[in-house]
Amino acid sequence: MLARRPASLFVVARAELHAPKQEKALLETAVNLLVPLASDDGEFHGPTINEFFPDAIFFANTPFEMNRIILIRFIAVAVMMLLFWAGTRRMKIVPTRLQSLVEMGLDLVRVNIAEDLLGKKDGKRFLPLITTIFFMVLFMNLTGVIPFLNIAGTSVIGVPLVLALVAYGAFLYAGIKKHPGKFFRNSLFPPGVPPVLYIIVTPIEFVSTFLIRPVTLTLRLLMNMVVGHLLLVLFFAATQFFFFTADGGFKLFGVGTLAFGFVFTLFELLVATLQAYVFALLTAVYIQLALADEH
């Protein structure tokens, strides 16, 4: 289940090579609003758009071009696979600490997300997908607070978009499989609504069900990781400025920015875990809606 993920990263890698100009423009606007620009004398430099679109490191100008963020994604997936392999290769009745940690994470997804929303039968069917989504998002989110990596693998649109499309595909598959011939009709023309109101209801249902869901899944994860990275870079860049460049009493401000940086690092750990949970939870919710009897 988890071993299939790295192959899909090549699709993400190729998508990143052709990131739309609109995405860069939106992110650049966000950077300018959230962080100060470098002063004319070059004393302070906030985060820039280049952090989200770094230059190629390996295989430049080829279909397999890799930049820093794509490399971080491969590292996150490799660590995830290694952790699960080490925690499950010698299962014991009295589990080791690593085995207990892995089992706790798997049970969280199985019991609190899959079975709780879909029941045991359907939960078991979709458990591999939901588990993969949860841990892939979690490990890529956590790279944003790991020293020397310092940016989330989900902070560029490739991974959030691919995972949102996978979740959307599971939603369509579940609905068509459970209600062939009725899924789209009942989604666009809900039973019990007066026919004259379908002129208003049907466009709303089409946009909310078939367009908004993948878009919101993508943007919720993406923007949380983007903003988290910008804030952390801002606090620690300001700390370095106050400690090593500022004069006199201004150095004391570095204590405050360092404290805020530490607090927001802990907060980012919480956000990274919460966003993985929310993404997996919403995937299960959409599948549950597709399986509902009213379809």
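Residue indices begin at 1 and follow the sequence shown.
Sorted by first and then second residue, the ring pair (Phe, Tyr, Trp, His ring centres under 6.0 Å) pairs involving residues 93-121 (not counting sequence neighbours) form an empty list.
Cluster annotation: I57 is connected to I151 through the hydrophobic network of ILVMFWY side chains, with a link wherever side-chain heavy atoms come within less than 4.5 Å. Residues I130 and Y173 share a single hydrophobic cluster, defined by chaining ILVMFWY side chains whose heavy atoms lie under 4.5 Å apart. There is a path of hydrophobic side-chain contacts, each under 4.5 Å, that joins F189 to V193. The hydrophobic cluster containing M91 does not contain V109, counting ILVMFWY residues as joined when their side-chain heavy atoms lie under 4.5 angstrom apart, directly or transitively. Both L197 and F206 are assigned to one and the same hydrophobic cluster, defined by single-linkage of ILVMFWY side chains at heavy-atom distances under 4.5 Å.
Ring to ring, F64 and F59 are not that close: their centroids are 6.0 angstrom or more apart.
From L274, atom CG reaches atom CZ of F279 across 13.5 Å, with rounding to the nearest 0.5 Å. Between T239 atom OG1 and L258 atom CG the span is 5.0 Å, to the nearest 0.5 Å. The distance from atom CD1 of I204 to atom OG1 of T209, rounded to the nearest 0.5 Å, is 10.5 Å. K124 contributes atom NZ, which lies 12.0 Å from atom CG of D122 (distance to the nearest 0.5 angstrom).
Clustering of Ile, Leu, Val, Met, Phe, Trp and Tyr side chains at separations under 4.5 Å places W85 together with L82.
Using modelled atom types, one side-chain atom of T216 and one backbone atom of R213 make a donor-acceptor pair closer than 3.5 Å.
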Side chains of residues 219-236: which donor-acceptor pairs under 3.5 Å do they make with residues two or more places apart or in other chains?
{"unit_1": "N224", "atom_1": "ND2", "unit_2": "R220", "atom_2": "O", "d": "2.6"}
{"unit_1": "H229", "atom_1": "ND1", "unit_2": "N150", "atom_2": "O", "d": "3.0"}
{"unit_1": "H229", "atom_1": "NE2", "unit_2": "E51", "atom_2": "OE1", "d": "2.6"}

